[in-house]
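A, B, ... follow the sequence lines: proteins, then strands. Residue 1 opens every chain. No experiment lies behind these values; they were computed from the predicted model shown. Values reported hereafter were calculated over all heavy atoms of this structure, with side chains retained and with hydrogens, waters and symmetry mates removed.
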2 protein chains.
Amino acid sequence: MKKAPISSSNGHETAASPTLEDVARTAGVSTATVSRCLNNPSVVSDKTRKRVLDAVKSLGYAPNFGAQALAAKRTRTFGAIVPTMENAIFARGLQAFQEELQRCGITLLVSSSSYSPELEEEQIRGLVARGADALLLIGFDRSPQIYEFLEKQQVPYVIAWVYDPDQPMLSIGFDNRRAMQSLVTQVLELGHRSVALITAERNGNDRAQQRYEGLLNAMKAHGLDPKTLHVIETTYSITNGAEALKTLMQSDQKPTAVICGNDVLAAGAMVQARKMGLKVPDDLSITGFDDIEIAEIVTPTLTTVHVPHRKMGKGAAQMLVALRNGQNPDQSIELEAVTILRESLGPVPKSET
Amino acid sequence: MKKAPISSSNGHETAASPTLEDVARTAGVSTATVSRCLNNPSVVSDKTRKRVLDAVKSLGYAPNFGAQALAAKRTRTFGAIVPTMENAIFARGLQAFQEELQRCGITLLVSSSSYSPELEEEQIRGLVARGADALLLIGFDRSPQIYEFLEKQQVPYVIAWVYDPDQPMLSIGFDNRRAMQSLVTQVLELGHRSVALITAERNGNDRAQQRYEGLLNAMKAHGLDPKTLHVIETTYSITNGAEALKTLMQSDQKPTAVICGNDVLAAGAMVQARKMGLKVPDDLSITGFDDIEIAEIVTPTLTTVHVPHRKMGKGAAQMLVALRNGQNPDQSIELEAVTILRESLGPVPKSET
DNA sequence: TTGTATGCGTTATCAC
DNA sequence: GTGATAACGCATACAA
């Protein structure tokens, strides 16, 4: 049996947050009624509701999240873990994701894993532990234990930025392999035969790996030997892109076209090319991937693959909301990623033909 | 009195997460001991600790966040609300902020307010409600109610990206006014007399407002009439920057130098200038503010004000951790923001002198 | 429509 | 060192 509260409105006004009970007392109703007013207003009479809401406002009441989560076993919170927030690759998609969630009254928590599988795992567990009702993840590539963990914890999740009907997990994205293959095909059709790739580390990054494979496919289709492809793996950053281009242009077999795994690396390559006095695309063609803002800022503008960031974000949100509501949604969704031709891609230099 | 548990290890193995009690049972100890093992290991004997930890691992136990927050009254979680995540303005600072927090075992939750005061207020309340132990905010400019709310809830907070010793709140940042004044002074000393400003909406954005004031100060100091300043207010984006430059160059009094409130607007202006066949800086000088990555990507490279993003992020984290630990830290911290001279700023065109 | 009573999973204060 | 046990603030099944 509950003991009488020690002293509900005792002398010293502590600054502690008001609780449901405080509201109930000043409104002259039970805590249950207050709770209902807030969570299921339609079931309580207009008169008492008004009284309660007034009390809520006058006390500045705000529900205690921990208590709420503990009692209701859900948090109205979704989590997202992206590899990075430092550049704009995921920013636009995330923004769209959040906008959609907000319309559904859901709060978004974002973490960035810095492309570290260990960190990502930690953050997934962290978000689940703090009650995320659902999760957005990037790419399929992670340890089976994590997937088991998510299944065990019954936390719905969606994988974005990739699409693969053969994978059992629900995903929304595009075919990175095909998109890159299509881009490179256009490069080769311009006569380029000496091609190089600057990419993120492919280990643990299926987007990068698939883009690489798409490039190989295009080469093979044009009768080029994949072994002739010069690949540089590095972390996404302007500086690293620049560094990589420098290395490439100092090698024996100088490429006439440099394919970059994303726009950030491509931008770095462009900066470096200019620094080395190379005219793009007259001396050298450069392509990117993602079509983020810098693609139109660099000089010359960057030929790249347009990724449907906003569609992915919004779509992912809708899938997760459906899952959270117990609806077992359709299937994975494939979006299109198309090549955007801009200035940085041109025919192979005459001197090379 | 607690009734005997209905049936602790009943027939159907539910997939529900194991609780402290489960761990206690399989380890043959009390829940109190398990809790101690996890939170204050030194106080429990080696033998039992080992037994408990084994049980934890074998069950895959993870503490319930809600319960923990409810009982311990703290969440080891800090919140940050930034105006935007779509461009890189706050990304680097936020990254540093997070890195420092992580070293202290604290999780960071990030929200973006899209420069909307109402949204920001909602998100502040949201983060507090979900138990954020401390908050990072950008700029002083917000309604008194929010500050009252934070005081009432006893949630420590630090304001970043601005510095003003006259403000009562703890802050870490730089003097936006002075930084802009210094930049513009250098512009004027190159002979420019016809200057224009492309800025974010200043209402509710003290950084933008102060940068504007700094610009005015510099003009006055050089005997220029502030009324001659052509100001265009727009939202931060490449496109808007381009749009604004177009408007400016079609006006009667064409500027010879365009000061931009940040690098994103400046990049847009640069793109537009090129499109209009204007040579930067020969025909027109353009400056930015922030020194984010694109400043070095645009052609020509952008003269701008370097903002100490990482220092601010790390410093803010340290201040908040101190506050959370009950230490009443020093004072607000002022950092330097210095002008970085690059290619986009040149002397006033000869035709104008 | 409203109130009562219980449980959610931890932490922390006691005793032992 | 360890084990009971009382909060913590809310949601909800059940009663009224």
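In this structure, S112(A) and Q98(B) have side chains that are in contact, with non-hydrogen atoms separated by less than 4.5 Å.
In this structure, the helix from dT1(C)-dA16(D) to dC16(C)-dG1(D) shows an angle of 30° between the axis at its start and the axis at its end, each fitted on 5 base pairs and rounded to 10°.
Geometrically, R125(A) engages F149(A) in a cation-pi contact defined by less than 6.0 Å to the ring centre and at most 45° from the axis.
Taking only side-chain nitrogens and oxygens, T31(B) never comes nearer than 4.0 Å to OP1 or OP2 of dA4(D). At least one side-chain nitrogen or oxygen of S30(A) sits closer than 4.0 Å to the OP1 or OP2 atom of dG3(C).
Judged purely by atom type and a 3.5 angstrom limit, R207(A) has no side-chain atom pairing as donor or acceptor with the backbone of V162(A). The main-chain N or O of E21(B) is found under 3.5 Å from a side-chain atom of T19(B) such that the two form a donor-acceptor pair. Judged by distance alone, the side chain of R76(A) and the main-chain N or O of T107(A) form no donor-acceptor pair under 3.5 Å.
Where A32(A) and K73(A) each meet DNA chain C at their nearest nucleotide, the meeting point lying more 5' is that of A32(A).
Atoms CZ (R49(A)) and C1' (dG3(C)) sit 18 Å apart, rounded to a whole Å. Put simply, CD on E21(A) is 14 Å from P on dG3(C), counting in whole angstrom units. The distance between atom CZ of R25(B) and atom C1' of dG3(D), rounded to the nearest whole Å, is 16 Å.
L20(A) comes within 4.0 angstrom of the backbone, heavy atoms only, and of no base.
Within a 6.0 Å radius of CG in N203(A), no more than 12 heavy atoms belonging to other residues, nucleotides or ligands are found. Dense packing is recorded around CG of N39(B), with more than 12 heavy atoms of other residues, nucleotides or ligands lying under 6.0 Å away.
Side chains of S45(A) and T48(A): a donor-acceptor N/O pair is present below 3.5 angstrom, by distance only.
Among pairs with a residue in residues 53-72 of chain A, those fulfilling side-chain hydrogen bond (donor to acceptor under 3.5 Å, both in side chains) read K50(A)-D54(A), at least two apart in sequence or across chains. Pairs engaging residues 131-145 of chain A under the side-chain hydrogen bond (donor to acceptor under 3.5 Å, both in side chains) rule: T75(A)-D133(A), E120(A)-R142(A), R142(A)-Y147(A), S143(A)-Q145(A) [sequence neighbours left out].
Interface residues of residues 62-71 of chain A facing DNA chain C, ordered by number: L70(A), A71(A); criterion, heavy-atom separation under 4.0 Å. Listed by residue number, the members of residues 33-47 of chain B with any heavy atom below 4.0 angstrom from DNA chain C are S35(B), N39(B).
Residues passing the ring-ring contact (aromatic ring centres under 6.0 Å, His included) test with F90(B) are W161(B), sequence neighbours excluded.
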